[in-house]
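Notes for the one structure printed next.
No experiment lies behind these values; they were computed from the predicted model shown.
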Protein chains: 2
Amino acid sequence: MADVAQLAGVSSQTVSRVSNGFPGVTEDTRRQVLAAMRELGYRPNSAARALRRGEFRTLGVITFSLSTMGNIRTLEAIATSAAQHGYAVTLLPVAVPTQDEVNGAFSRLGELAVDAVIVIMEIHLLDAATVSLPPGVQVVVADSDAGDRYTVVDTDQAGGARDAVRHLLDLGHDTVWHLAGPEGSFAAQRRANAWHATLTEAGRTPPPPVRGDWSAESGYRAGLRLADEPDCTAVFAANDQMALGLLRALHERGRRVPDDISVVGFDDIPESASFLPPLTTIHQDFAEVGRLCVEGVLSKMRQDGTEHGTTLVPTRLVRRASTGAPGSSR
Amino acid sequence: MADVAQLAGVSSQTVSRVSNGFPGVTEDTRRQVLAAMRELGYRPNSAARALRRGEFRTLGVITFSLSTMGNIRTLEAIATSAAQHGYAVTLLPVAVPTQDEVNGAFSRLGELAVDAVIVIMEIHLLDAATVSLPPGVQVVVADSDAGDRYTVVDTDQAGGARDAVRHLLDLGHDTVWHLAGPEGSFAAQRRANAWHATLTEAGRTPPPPVRGDWSAESGYRAGLRLADEPDCTAVFAANDQMALGLLRALHERGRRVPDDISVVGFDDIPESASFLPPLTTIHQDFAEVGRLCVEGVLSKMRQDGTEHGTTLVPTRLVRRASTGAPGSSR
DNA sequence: CCAGTGGATGTTTACGTAAACATTGCCTAG
DNA sequence: CTAGGCAATGTTTACGTAAACATCCACTGG
């Protein structure tokens with residue numbers, strides 16, 4: 001910086017002002033400084049900057065090994081949104097979702113050059129962590145709502161599930177079967193709860209739910225069972241991949257979709273439009289979730305806010321060919 | 001740090017020594033300092049550290065919007081491996097693969113707290129960038145080999161394709177058709193080249209390749225065409241998703257796999273084991289690619305090495321039910 | 001018994017930046 | 001014509017750490 005100042009014939013403070021876009025610098029001076037910067041290839045030293053400013057302009061993101069497409073898309077949106085606000089994103093990988101690993105990530109976090117943290121994981125692991133987070137603000141995108149203790153941004157799982165069930169009921173189906181996600185997942189649990197509640201509210205009897213583990217393979221196995229249920233005309237699968245397996249099983253068993261059985265998925269993964277038939281599903285707006293995480297965490301940093309809350313991102317029913325009225329043997 | 005020093009009754013330098021695990025500190029003193037650190041909740045300031053040490057202990061990763069599973073898995077491996085070496089990972093998202101975006105990422109990079117950069121993208125965008133990278137070492141995982149100008153780590157695309165073709169020839173097929181990836185991709189190009197070369201070396205006539213765009217949908221369309229080729233008994237698809245679409249098309253047309261047609265994919269995505277039938281495919285070791293990227297970049301930093309080279313990560317043929325001898329009407 | 005040696009610890013300093021305060025010089029109002 | 005004000009720029013200082021150097025002290029060997 002001193003070199004630039006000398007070359008431009010100004011003080012280093014003026015260089016600093018130019019570099020940070022402060023007002024009160026003549027246009028002439030600014031140009032000279034910029035020219036000198038270019039000539040010397042000057043790059044501000046971000047370590048010194050951070051030291052002086054007391055902030056890193058960096059957000060940390062803790063997430064499980066980028067396993068699910070949802071997490072990945074959210075992370076991507078976080079990175080993009082953070083960049084727009086002039087923030088970088090540092091990744092804190094947690095290899096396996098064990099308590100030890102989470103604790104390890106949290107303690108590493110203490111030494112990390114990070115102003116705030118966004119946690120993408122189920123909240124019970126956060127709660128059970130023995131290592132506390134350093135006093136940096138945090139937003140949690142969790143498969144749970146804990147708006148009383150953390151600031152939460154999440155997809156409106158319940159609303160999406162409700163829309164899926166209502167869509168099928170509106171088409172004339174008597175009831176809706178559910179291909180649920182694994183027991184440990186709060187997202188799966190909330191989708192299942194909303195499915196159950198919506199049916200009950202509509203005066204229908206919920207059939208026993210079938211459980212999968214999110215994988216297409218588990219959906220296939222569940223599908224073989226559902227294909228044998230004579231009065232099953234509509235299924236709400238807790239995610240698109242299980243719906244894929246379900247479709248294959250139904251096809252194998254000669255149950256036509258949607259003529260014999262209607263299927264709705266959840267997530268709207270890119271492939272779902274190419275399923276056979278194209279899948280009606282609940283679209284999740286991961287980009288919006290990521291954006292809100294970043295804005296939430298930044299506003300908390302500014303206001304030093306302590307009150308928490310939950311922001312739900314609405315879903316959208318994407319209607320494709322896998323759903324229709326019952327018994328429509330067109 | 002000064003507070004800790006005072007509480008422990010030592011100088012701040014001793015605190016520094018303890019905090020960095022330097023020798024020459026009595027066990028007694030060390031314990032006292034550690035106790036004081038705990039009591040005060042001391043966390044070393046990484047900005048000051050970086051300023052003093054002249055390095056950030058952070059790697060930057062430039063990649064396209066985490067679109068493909070391969071990139072994601074590689075990124076994950078990079079993050080994990082970096083963490084093991086005491087390095088953090090900062091993400092530089094490039095929203096769309098245009099030259100402008102890449103230039104933007106590079107210039108942002110200049111101000112970023114990063115010691116080195118790992119670039120996960122096709123090398124021609126790197127070459128065409130008008131903004132040059134600051135003098136930090138770089139490893140490029142590209143859909144191309146450019147070991148003369150950059151240090152490259154990549155999957156052995158050619159070897160994998162060769163194995164796929166040979167596997168089919170060994171089973172007794174006269175020749176192997178190819179469902180290729182999009183023209184713009186060097187990975188697709190190299191797989192196609194190796195397919196062609198392997199057939200030619202074996203004295204076979206390569207049929208005209210069919211092109212897809214990596215998507216299952218494009219594989220399906222290509223599959224409808226291939227199903228009508230009477231002498232097509234073996235297909236090598238350039239990725240698993242296109243193979244999925246291909247399988248569906250063949251099934252629709254009543255061509256049995258593997259009895260009538262054998263299919264080999266590339267990538268070994270998790271779902272491929274659950275395809276109908278389970279897909280024989282070429283497994284890519286993304287974790288190894290990521291690990292080698294990190295180690296490569298770190299060793300270059302240490303040695304200040306300037307010579308480049310290409311490290312190829314071997315693939316592995318995963319044999320499943322989608323391949324068999326031709327005309328095996330078992 | 002003392003010089004010499006080496007391990008443990010303390011003191012000084014600089015890393016690059018930006019906030020706070022100081023200075024300069026020009027313009028305007030009385 | 002001059003005091004006052006303000007915009008543009010310069011000077012000083014501190015941010016938290018760790019390298020380099022300085023000091024202290026206990027122990028060893030002659």
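Among all heavy-atom pairs drawn from A77(A) and G290(A), the shortest one is CB-CA, 3.9 Å.
Distance CZ (R49(A)) to C1' (dA14(D)): 18 Å, rounded to an integer number of Å. Q32(A) places its CD atom 14 Å from the C1' atom of dA8(D), with the value rounded to the nearest Å. When rounded to the nearest whole Å, the span between CD of E55(B) and P of dA18(D) equals 11 Å. Put simply, CZ on F56(A) is 14 Å from C1' on dT17(C), counting in whole angstrom units. Rounded to whole angstrom, the span from the CG atom of D28(B) across to the C1' atom of dA8(C) amounts to 12 Å. In this structure, Q13(A) places its CD atom 9 Å from C1' of dT17(C), rounding to the nearest Å. Atom CD of E27(B) and atom C1' of dA8(C) are 14 Å apart (whole Å). Computed from coordinates, the N20(A) CG to dA20(C) C1' distance equals 15 Å when rounded to whole Å.
Side-chain atoms of S81(B) do not come within 3.5 Å of backbone N or O of I78(B) as any donor-acceptor pair. D115(A) contributes a side-chain N or O that, together with a main-chain N or O of F56(A), makes up a donor-acceptor pair within less than 3.5 Å.
At dA19(D), none of the side-chain N or O atoms of R53(B) fall inside 4.0 Å of OP1 or OP2 (strictly under the cut-off). Note on T26(A): a side-chain N or O is less than 4.0 Å away from OP1 or OP2 of dT9(D).
From Q13(A), atom CD reaches atom CZ of F22(A) across 9.0 Å, with rounding to the nearest 0.5 Å.
The R52(B) side chain lies nearest to dC15(C) when the options are dC15(C), dT17(C), dG10(C). Closest contact between the side chain of L51(B) and the listed nucleotides dA20(D), dA18(C), dC15(C) involves dC15(C). Comparing atom distances between the T14(A) side chain and each of dG10(D), dG10(C), dA8(D) picks out dG10(D) as nearest. When distances run from any side-chain atom of N45(A) to the nucleotides dA18(D), dG10(C), dG16(C), the shortest one goes to dG16(C).
Using a 4.0 Å heavy-atom criterion, one finds that T29(A) contacts the sugar-phosphate atoms exclusively. Counting non-hydrogen atoms under 4.0 angstrom, S16(B) reaches a base of the nucleic acid.
For dG10(D), the base has a donor-acceptor partner in the side chain of R17(A) [N/O atoms by modelled type, under 3.5 angstrom].
Residues T315(A) and Q284(A) bring no donor and acceptor atom of their side chains to less than 3.5 Å of each other.
Residue-to-nucleotide proximity on DNA chain C shows that, of G24(B) and A48(B), the 5′-proximal contact is made by G24(B).
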